[in-house]
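To keep things clear, I will list the structure first and then write my remarks on it.
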Amino acid sequence: MEFTAKQIADFLQGRVDGDENVSINTFAKIEEGKPGAISFLSNPKYTHYIYQTKSSIVLVDESLELEKPVSATLIRVKNAYESVARLLQLYESMKPKKTGIDPLAFISPKAKIGENCYIGAFAYIGDGVEIGDGCQIYPHATIYDGVKLGNSCIIYPNVSIYHDCRLGNNVTIHSGSVIGADGFGFAPSADGYDKIPQIGIVTIEDNVEIGANTCIDRSTMGSTYIRKGVKLDNLIQVAHNVEVDENTVMAAQAGIAGSTKVGKWCMFGGQVGLAGHINIADHTNIAAQSGITNSIKKSGTSIMGSPAWDAKGYMKSAAVFRRLADMYQQLNTLQRQVDALTKTE
């Protein structure tokens, strides 16, 4: 399917610089541009590519100032990165979706399946499961008894959703993820460790996306909560009774210990680790590989390090740390000079 620069600009409420009738039918990175493709420029590090790209159209910020002419037609928008995301969403929504139930899928006669759903070969749908309209359940996905899914969910291959968990609308779970496995609960005894039954569930609200091989444990009692709009990367561990509040995002290999509460609109880098039973305030930004052992009470805090502290203080200390060897030599030199002066008195 082809779109002209004018059609795209109208959709994005942008402005065309160049030929408004030029058309595109695919996407390409600006450094790998080709005729008939649309690219975008949002990172200043890639600005030099705009003068050599072969793409027919490039999305750019309104504020971009050119040093010389370009061959591509430009569409100027308020935010090029957000605009290309909107275009990709439109492109994805236009792809035909699979429907129908593969004869090799197992669906309990006690399950309820909504309209226009797809259930692939070897998927398992247990007793009492309720699946909303327009859901896509891919091959080898396993949905245990009593699970409820809202509308337009996508469950990719080899996902396991344990019994009684609840998913809202527009939830996407990528391959290999496990939702609702037992939380890590054991009580020490004279003979070892006695398992504490985990009788709660996992609740995932609307518009959540969960990356591949991520695990979200069911609660001991009550529910582990992933609130609406949360985005979790691959290989993340969310322990029992955790609550991740609205629109928080986490990069790969983050881990959250039990009963921790994470606020709204937080951003975690890769390999961030949170201790259990702490609270993280709204709009907290945590740099990659940081270790958080205490609650963060002030909204809008940025921290890094392990154990973590204020990001600016950490960076100042890191700058000093890199000079410690030289400072140590200087200190020894000064100490010898002091010792020599002391002997002469």
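The model shown is predicted, which means the values in this text are computed figures rather than measured ones.
- I296 places none of its side-chain heavy atoms less than 4.5 Å from the side chain of N279.
- Listed by chain and residue number, nothing satisfies the ring pair (Phe, Tyr, Trp, His ring centres under 6.0 Å) test with Y51 (two or more places apart in sequence, or in another chain).
- The other members of the hydrophobic cluster of F184, by chain and number, are F186, Y193 (side-chain heavy atoms under 4.5 Å, ILVMFWY only).
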Subject >> Derivation and outcome, side chain to side chain contact (heavy atoms under 4.5 Å, CB included), residues I226 and I216 >> reply: CA-CA 9 Å; I226 308 296; I216 302 174; 3.9 Å; yes
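- Residues that satisfy the side-chain hydrogen bond (donor to acceptor under 3.5 Å, both in side chains) test with N294, not counting sequence neighbours, are absent from this structure.
- Pairs passing the salt bridge (charged side-chain N to carboxylate O under 4.0 Å, His left out) check and including a residue from residues 170-184, sequence neighbours excluded, read D182-K195.
- Legend: residues meeting side-chain hydrogen bond (donor to acceptor under 3.5 Å, both in side chains) with H163, ordered by chain and number and at least two apart, are R218.
- Scored by the side-chain contact (heavy atoms from CB on, under 4.5 Å) test, A121 finds D102, L104 as partners (sequence neighbours excluded).
- With sequence neighbours left out, the side-chain hydrogen bond (donor to acceptor under 3.5 Å, both in side chains) criterion links Q289 to Q271.
- Residues Y156 and N158 form no side-chain contact, since every pair of their non-hydrogen atoms from C-beta on lies 4.5 Å or further apart.
- Taking K97 as the reference, Q136 meet the side-chain contact (heavy atoms from CB on, under 4.5 Å) condition, with sequence neighbours excluded.
- L331 has its side chain out of reach of M327: every pair of non-hydrogen atoms, C-beta onward, lies at least 4.5 Å apart.
- With sequence neighbours excluded, the residues that form a side-chain contact (heavy atoms from CB on, under 4.5 Å) with I199 are P197, M221.
- With sequence neighbours excluded, the residues that form a side-chain hydrogen bond (donor to acceptor under 3.5 Å, both in side chains) with N207 are N170.
- Taking the six-membered ring wherever Trp is involved, the centroid distance between the rings of F27 and F40 does not fall below 6.0 Å.
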Original post:
Could you go step by step and tell me if T260 and H277 meet the side chain to side chain contact (heavy atoms under 4.5 Å, CB included) rule?
Top reply: CA-CA 5 Å; T260 283; H277 302 275; 5.5 Å; no
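- Every pair passing salt bridge (charged side-chain N to carboxylate O under 4.0 Å, His left out) that includes a residue from residues 130-141 is listed here, sequence neighbours excluded: E130-K148.
- Listed by chain and residue number, T203, S223, R227, E243 satisfy the side-chain contact (heavy atoms from CB on, under 4.5 Å) test with Y225 (two or more places apart in sequence, or in another chain).
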